[in-house]
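Counting convention: from 1, in listed order, for ligands and their atoms alike.
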Amino acid sequence: MDNARSSASPMLCFNPATCQPRQIYKLMTGIIVPRPVALVSTMDKQGVANLAPFSFFCGVGSVPPTVLFCPSLRPGATAGSVEPKDTLRNVEETGEFVINIVSEAIAAAANASSAEVPPQVDEFVLSGLTPIASKAVRPPRVAESPAQMECKLLQVIYTGHAPGSGVIVLGEVLRFHLREDLVEDFRVDPAGLDAVGRMAGNTWVRTRDRIELIRPT
Ligand SMILES: Cc1cc2nc3c(=O)[nH]c(=O)nc-3n(C[C@H](O)[C@H](O)[C@H](O)COP(=O)(O)O)c2cc1C
C-alpha cells in the first residue's frame, strides 16, 4: 500500500510517485544527514561574482580529483516553467567554480549568501565575506574559508526539467588551498577545520563530536 503503515512492520513506507515534491524534499533533507556545505563562488561573463551554499555536495573520486554539487531548478515565471539558479547559469557559461568549505566561524555569513537575490547582486558584499584571487580559475575564493577547491567544469547532468529537479555539476579540482596550520603530511586537522554541516530546515550541525572506528583488515 502507498504511504501507509504496514501492520507487520514499525516502518512507514512512502512512494514518491504519490507524494508532493515538497514532502519528498523534506524526507530527503531529513534523512540524508549531515550534509557538508559547499559555499560555491562563480563569476558571470561580465565579471560579477556570485556566492551561494549547496549542501547536496560530495567528493566523487581522487583520480582525477572530482567533486559534485547540485543546484536545483527554480520555479519560473509561468506555471511549470523553470529557471537556473545564478550559480548554475554561471557555471554553464564559464565552466569554472570554487568550492569553499564552511567552518562555524563563517556559517552565518554562508547562510546570508543564500538569499534569493537578482543576479547582479554580489553575495560577497551581502555576506561580508572577502574575495581573494584564485590561481587557476576566474571566480574568487572566500578568504575566511579554511579550505578551498578551484574547479573546472567536467559535466552538467540534468536529472529532470521541473521545478525542484536536481542538476549535478561535476568538476575537477585544479587547486586545493588549505590554511597552513590545518595540514601535516596531507592530513587535515578536523578540529581546526571546524566544518559545519546542514540538517533539515534551518538546523546545522558541528563536527566536534567525533568517534574513531578501526577498520577491519
Ligand atoms: C546551508 C544551505 C544549503 C543549501 N543547499 C542547496 C542545494 O544543495 N541545492 C540547491 O539548489 N539550493 C541549496 N540551497 C539554497 C541556495 O543556496 C539558494 O537557492 C541560493 O539563493 C542560490 O543562489 P544563486 O541563485 O546565486 O545560485 C541551500 C541553502 C542553504 C542555506
Visitor: For ligand 1, does Asn50 get within less than 4.0 Å through its side chain, its backbone, both, or neither, judged by non-hydrogen atoms?
Guide: side chain
Visitor: For ligand 1, find out whether one of its N or O atoms is nearer than 3.5 Å to an N or O atom of Phe56.
Guide: yes
Visitor: Nearest 0.5 Å, what's the OG1-CG distance between Thr87 and Asp44?
Guide: 11.5 Å
Visitor: Between Glu96 and Arg138 (side chain of the first, backbone of the second, donor and acceptor by atom type, cut-off under 3.5 Å), is there such a pair?
Guide: yes
Visitor: Please identify which atoms of ligand 1 are closer than 4.0 Å to at least one heavy atom of Glu116.
Guide: 18 (C), 19 (O), 21 (O)
Visitor: Output the distance between atom NZ (Lys26) and atom CD1 (Ile31), rounded to the nearest 0.5 Å.
Guide: 14.0 Å
Visitor: Using distance alone, with no hydrogens and no angle criterion, decide if Ser145 and Asn100 have a side-chain donor and acceptor under 3.5 Å apart.
Guide: no
Visitor: Can you list the steps and then say if Phe14 with Ile24 is a side-chain contact (heavy atoms from CB on, under 4.5 Å)?
Guide: CA-CA 9 Å; Phe14 299 96; Ile24 299 169; over 6 Å; no
Visitor: Which residue supplies the protein heavy atom nearest to atom 12 (N) of ligand 1, what is that atom called, and how far is it?
Guide: Lys85 NZ, 3.0 Å
Visitor: Does an N or O from Cys70, backbone or side chain, lie closer than 3.5 Å to an N or O of ligand 1?
Guide: yes
Visitor: In terms of residue, atom name and distance, what is the protein heavy atom nearest to atom 27 (O) of ligand 1?
Guide: Thr87 OG1, 2.5 Å
Visitor: Among all protein heavy atoms in this structure, tell me which lies nearest to atom 3 (C) of ligand 1, with the distance rounded to 0.1 Å.
Guide: Arg198 NH1, 3.3 Å
Visitor: Taking atom CG of Asn202 as the centre, report whether more than 12 heavy atoms of other residues, nucleotides or ligands fall under 6.0 Å from it.
Guide: no
Visitor: Can an N or O of Trp204 be found at a distance shorter than 3.5 Å from an N or O of ligand 1?
Guide: no
Visitor: So how far is it from Gln148 CD to Ile99 CD1, rounded to the nearest 0.5 Å?
Guide: 11.5 Å
Visitor: Any atoms of ligand 1 less than 4.0 Å from a non-hydrogen atom of Pro71? List them with their elements.
Guide: 11 (O)
Visitor: For side-chain contact (heavy atoms from CB on, under 4.5 Å), just list the numbers for Leu129 and Ser113, CA-CA rounded to whole Å, side-chain angles, deciding distance to a tenth of an Å, and then say yes or no.
Guide: CA-CA 9 Å; Leu129 292 168; Ser113 78; 5.6 Å; no
Visitor: Considering non-hydrogen atoms of the protein only, which is the closest contact for atom 5 (N) of ligand 1, and what is the distance?
Guide: Ser55 N, 2.9 Å
Visitor: Look at atom CE of Met199 and say whether more than 12 heavy atoms of other residues, nucleotides or ligands are closer to it than 6.0 Å.
Guide: yes
Visitor: Which residue holds the protein heavy atom closest to atom 11 (O) of ligand 1, what is that atom called, and what is the gap in Å?
Guide: Ser72 N, 2.7 Å
Visitor: Would Glu150 and Lys135 satisfy salt bridge (charged side-chain N to carboxylate O under 4.0 Å, His left out), going step by step from the backbone distance to the final call?
Guide: CA-CA 8 Å; Glu150 297 184 29; Lys135 303 270 183 217; over 6 Å; no
Visitor: Quick one: does Asn111 get an N or O within less than 3.5 Å of an N or O on ligand 1?
Guide: no
Visitor: Is there a polar contact, in the sense of an N or O pair closer than 3.5 Å, between Pro53 and ligand 1?
Guide: yes
Visitor: Give the residue and atom name of whichever protein heavy atom lies nearest to atom 20 (C) of ligand 1, and the separation in Å to one decimal.
Guide: Ser114 O, 3.5 Å
Visitor: What class does the angle between the rings of Phe69 and Phe97 fall in, given that below 30° is parallel, 30 to 60° is tilted and above 60° is perpendicular?
Guide: perpendicular
Visitor: Identify, by atom number and element, the atoms of ligand 1 in contact range of Glu123, meaning under 4.0 Å from any of its heavy atoms.
Guide: 26 (O)
Visitor: Report yes if Arg74 has an N/O atom closer than 3.5 Å to an N/O atom of ligand 1; otherwise report no.
Guide: yes
Visitor: Looking only at protein heavy atoms, which one is nearest to atom 23 (O) of ligand 1, and what is the separation?
Guide: Ala52 CB, 3.3 Å
Visitor: Quick one: look at Ala115 and ligand 1, take heavy-atom pairs under 4.0 Å, and tell me if it's side chain, backbone, both or neither.
Guide: backbone
